[in-house]
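I have placed the structure first, in the form of structure tokens, so that the comments after it can refer back to it.
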Amino acid sequence: MEGKVESLWEEVRELTLGTTVDRLQSPPTPLQFLRDFVSQNKPCIISNAIPHWPALSLWSTPSYLSTALSSSLVSLHLTPDGQADALVPHPSQSSLCFVSAHVQSTLFPQALDLIRRPPNHLVAYLQQQNDCFRTEYSELESDCDAHIPWASEALGCLPEAVNLWIGNHLSQTSFHKDHYENLYAVVSGEKHFLLLPPTDVHRMYIKEYPAARYSYSQENGEFRLEFEEPERYVPWSSVDPCPARASLKQESLKFPLYFNGPKPFEVTVKAGEVLYLPSMWFHHVRQSPGDGGCTIAVNYWYDMQFDIKYAYFNFLQSLPCRSIDDQTIPEGDCEDDSGPHASSNHLNSRFSGDESATNNVEIHKDRDNVQVHERTFVLDSSMFV
């Protein structure tokens, strides 16, 4: 079975994806976008996509943002190391757990200052999602388009959620995927993506981990883990694609399908560019700040079609892969496959992402249910720039 799956990885690249992500010098027509990219589940970068946005010139000035949002309370996400929605060592077991950021309501000028001048003991990131741009940051709506016209026409709907991301170089997002067609527009700085198509699901070594959240104490400046009650398990990719040089060999032995397989597509999205990230593509995200000392992006989430491609993916991920199921991992690095919650074939459902579906808002669903046009698809397996 492994040989057939590995052949699929290569054939998908040879027949459809090629070796690099297509770059368009101007926005496509709706027909071109639908025919060449959406229907093929193929990413692309569109240059000169948003030159008319006032945000491109205004948002690189921190004082403009602080004035526009001077009295706005926003959801600020805090972690000790910039790793939110990620795997960390379990504090009382020789295993890992899935941890989300501490979230606190903060006046925007204070939040922006923490991002631009990070203290030594924490990393701040504005990454709320859940349609946050049209709620928490509504004062800025006139600086951007309400939707991407050519994408909306091609997809036959308006975006379900529009989100704002403001962070610094310390924040990054681990491999995950979303059940959305994602149009990701960078306004300031750069976003660095590693991309893998849905057909590479077995290379992600997805397993279930107990869910926890950071709790931050303002008094002593310390973080502690709080596990969810009742206990909940989250399927998540175990792969760190950028390990320290000293641990690269060990990581390669633990995750050979990832490190020995086809290289992920590596793209940098600069200010003024838009990345089309198709639904169910795995992506890992880092960022570089712009002139204002932070990276700013707006993304538009459009509902994906739960069509035959979705059925094909569910079938593919259900196939056993001995390289994963029988992998030998040093004790303490991963959960026991025989445990009641262990699985390498769950859907890694994330509805919020660079990045956490930690705030259950009706627009944004929860990790185990996908609501589409008043219908609910309950996933037999459970996704979040």
Consider only side-chain N and O atoms of [X] and [Y], and report whether a donor and an acceptor are under 3.5 Å apart.
X: N182; Y: W281; answer: no
X: S238; Y: Y209; answer: yes
X: W301; Y: N163; answer: no
X: D145; Y: H52; answer: yes
X: Y310; Y: S279; answer: no
X: Q40; Y: T16; answer: no
X: H192; Y: T268; answer: yes
X: D143; Y: W53; answer: no

>> Taking CD in E153 as the centre, count heavy atoms belonging to other residues, nucleotides or ligands within less than 6.0 Å. Is the count above 12?
In response: no
>> Looking at every non-hydrogen atom in both residues, tell me the closest pair between Y302 and A151 and how far apart they are.
In response: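 Of all heavy-atom pairs spanning Y302 and A151, the closest is OH-CB, 4.2 Å.
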> What is the minimum heavy-atom distance between P89 and L225, and which atoms define it?
Replying inline: O-CD1, 4.3 Å
> How far apart are the C-alpha atoms of Y276 and E181, what are their side-chain angles, what is the distance that settles it, and do they pass the side chain to side chain donor-acceptor pair (under 3.5 Å) test?
Replying inline: CA-CA 8 Å; Y276 166 56; E181 306 294 349; 2.6 Å; yes
Are the aromatic ring centres of [X] and [Y] under 6.0 angstrom apart?
X: F255; Y: Y205; answer: yes
X: Y180; Y: Y300; answer: no
X: Y125; Y: H77; answer: no
X: F223; Y: Y214; answer: yes

Looking at [atom1] of [X] and [atom2] of [Y], how far apart are the two atoms once the value is rounded to the nearest 0.5 Å?
X: I50; Y: L183; atom1: CD1; atom2: CG; value: 11.0 Å
X: L112; Y: S66; atom1: CG; atom2: OG; value: 4.5 Å
X: Q127; Y: D85; atom1: CD; atom2: CG; value: 6.0 Å
X: D303; Y: C157; atom1: CG; atom2: SG; value: 6.0 Å
X: K309; Y: N41; atom1: NZ; atom2: CG; value: 6.0 Å
X: L126; Y: T106; atom1: CG; atom2: OG1; value: 8.5 Å

> Heavy atoms, side chains only, cut-off 4.5 Å: are T173 and H284 in contact?
Replying inline: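 SC-SC contact between T173 and H284 ruled out.
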Quick one: list whatever passes side-chain contact (heavy atoms from CB on, under 4.5 Å) with [X], sequence neighbours left out.
X: E219; value: S217
X: L69; value: S72, F108, Y137, E139, L140
X: E228; value: A211, R232
X: T295; value: K191, Q287, P289

Can you hop from [X] to [Y] via hydrophobic side chains spaced under 4.5 Å?
X: L319; Y: L196; value: yes
X: V123; Y: V74; value: no
X: L8; Y: F265; value: yes
X: F133; Y: L158; value: no

Summary of salt bridge (charged side-chain N to carboxylate O under 4.0 Å, His left out) pairs that have at least one residue in [range], sequence neighbours excluded:
range: residues 40-52; value: D22-K42
range: residues 86-103; value: none
range: residues 107-126; value: D113-R117
range: residues 271-282; value: R23-E273

>> Before you tell me yes or no, could you show the steps for Q218 and Y216 under side chain to side chain donor-acceptor pair (under 3.5 Å), namely the whole-Å CA-CA distance, both residues' side-chain angles and the distance that decides it to 0.1 Å?
In response: CA-CA 6 Å; Q218 298 281 359; Y216 176 69; 4.5 Å; no
>> As a quick check of understanding, evaluate salt bridge (Lys or Arg N to Asp or Glu O under 4.0 Å) for R13 and D200, giving each step before the final call.
In response: CA-CA 11 Å; R13 287 160 173 77; D200 288 29; 2.7 Å; yes
> Residues two or more places apart in sequence or in another chain: which of them pass ring pair (Phe, Tyr, Trp, His ring centres under 6.0 Å) with W150?
Replying inline: F33
> Partners of F227 by ring pair (Phe, Tyr, Trp, His ring centres under 6.0 Å), sequence neighbours excluded?
Replying inline: H90
>> Out of the candidates H147, R134, E141, only one should pair with V162 under the side chain to side chain contact (heavy atoms under 4.5 Å, CB included) rule; please name it.
In response: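 Going through the options one by one, the only one that passes is R134.
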>> Could you go through R224 and E222, starting from their C-alpha distance and side-chain angles, then the distance that decides it, and tell me whether this counts as salt bridge (Lys or Arg N to Asp or Glu O under 4.0 Å)?
In response: CA-CA 7 Å; R224 62 184 176 87; E222 294 181 354; over 6 Å; no
> Looking at K254 and E251, does any basic side-chain N land under 4.0 Å from a carboxylate oxygen?
Replying inline: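 A salt bridge links K254 with E251.
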> Mind checking whether F282 and F313 have parallel, tilted or perpendicular rings, split at 30° and 60°?
Replying inline: tilted
> Which residue pairs pass the side-chain hydrogen bond (donor to acceptor under 3.5 Å, both in side chains) test with at least one member in residues 27-38, sequence neighbours excluded?
Replying inline: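 Checked against side-chain hydrogen bond (donor to acceptor under 3.5 Å, both in side chains) - neighbours excluded - no pair reaches residues 27-38.
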> Taking only residues two or more places apart in sequence or in another chain, which ones pass salt bridge (Lys or Arg N to Asp or Glu O under 4.0 Å) with E266?
Replying inline: none
